[in-house]
Q: 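My questions all concern the structure below.
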Amino acid sequence: NFMLTQPHSVSESPGKTVTISCTGSSGSIAGNYVHWSQQRPGSAPLTVIYDNDDRPSGVPDRFSGSIDRSSNSASLTISGLRAEDEADYYCQSSENGNWVFGGGTKLTVL
Amino acid sequence: EVQLVQSGAEVKKPGESLKISCQGSGYTFAAYYIAWVRQMPGKGLEWMGMIYPADSELKYSPSFQGQVTLSVDKSVNTAYLQWSSLRASDTAVYYCARVASGSYWPMNWGQGTLVTVSS
């Protein structure tokens, strides 16, 4: 079964840049699109990156996504960190239309 | 404006049945999959399955196949998630999401429905 692995937590100071990784268990992560969702405490998820590196309307350009084929991983980068970015972030992909989520990464803005 | 509005919180006893809903508006409901996602207390997101309203095509996660039933009523732009016999371990928040065709990304999310199963 295809699995996605994320770090449990990351932390960084306001104004800085943080990167969250998402590593595929097998095959090529680049073979399927990766999407990222943000979930603030007590709220529903919100998709912030889709199709590896696209942003839905309304998501600030401080959020960016990328794929590294050499390491079979995807990354979410948030620049100019703000207190409001503190949340859980989930990567997600699909295999034959079946969703797979990473375990989630808790971002703490110090 | 696209909206997915889910039904309200439920408190049930083990063994009871339940059907929760997700009503879409602001877009062509039949043209997009609706996915369901479980989030147990303090845990991550788990994909349960998805349904295509136009023809009721179903995709279930192996983890949830046989445990829940997905359905839709196109006449009222509503998708449903139901259980025939709830367990305490079904206690969770359940989210629906509108899914883009092709890459299957979650375009919009519902606000979530908290289901509590307790004797």
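Chain letters run A, B, ... following the sequence lines, proteins first, then strands; residues in each count from 1. Basis for what follows: all heavy atoms, side chains included, without hydrogens, waters or symmetry-related copies.
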Q: Is it the side chain or the backbone of S61(B) that comes within 4.5 Å of chain A heavy atoms, both, or neither?
A: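 Contact with chain A involves no heavy atom of S61(B) at all.
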Q: Same hydrophobic cluster for L81(A) and V10(A), using side-chain heavy-atom links shorter than 4.5 Å among ILVMFWY?
A: yes
Q: Given a strict heavy-atom distance threshold of 4.5 Å, which part of Y95(B) is in contact with chain A: side chain, backbone, both, or neither?
A: side chain
Q: Only heavy atoms, only distances under 4.5 angstrom. Which residues in residues 22-52 of chain B are near chain A?
A: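 Within residues 22-52 of chain B, the residues that come under 4.5 Å of chain A (heavy atoms only) are A35(B), V37(B), Q39(B), K43(B), G44(B), L45(B), E46(B), W47(B), M50(B).
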Q: Pick whichever of G110(B), G112(B), P106(B) has the most heavy-atom pairs under 4.5 Å with chain A.
A: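 Top option by heavy-atom pairs under 4.5 Å: P106(B).
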Q: Quick check: is L70(B) connected to I20(B) through a chain of hydrophobic side chains (ILVMFWY, heavy atoms under 4.5 Å apart)?
A: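 Same hydrophobic cluster.
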Q: If contact means a heavy atom pair closer than 4.5 Å, which residues of residues 39-51 of chain A contact chain B?
A: Q39(A), S43(A), A44(A), P45(A), L46(A), T47(A), Y50(A), D51(A)
Q: Hey, any chance Y80(B) and L58(B) share a hydrophobic cluster, counting ILVMFWY side chains that come within less than 4.5 Å of each other, even indirectly?
A: no
Q: Mark yes when over 12 heavy atoms from residues, nucleotides or ligands other than Y60(B) sit less than 6.0 Å from its OH; otherwise mark no.
A: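 Counting neighbours around OH of Y60(B), more than 12 heavy atoms of other residues, nucleotides or ligands fall under 6.0 Å, so yes.
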Q: Side chain, backbone, both or neither: which part of V99(B) has a heavy atom under 4.5 Å from chain A?
A: side chain
Q: Answer with yes or no whether the hydrophobic clustering places L114(B) together with W109(B); edges join I, L, V, M, F, W, Y residues whose side-chain heavy atoms lie under 4.5 Å apart.
A: yes
Q: When you compare the side chain of D54(A) with that of W105(B), does any pair of heavy atoms fall below 4.5 Å?
A: no
Q: Is L81(B) reachable from L18(B) through a run of I, L, V, M, F, W or Y residues, each pair having side-chain heavy atoms under 4.5 Å apart?
A: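 Yes, same cluster.
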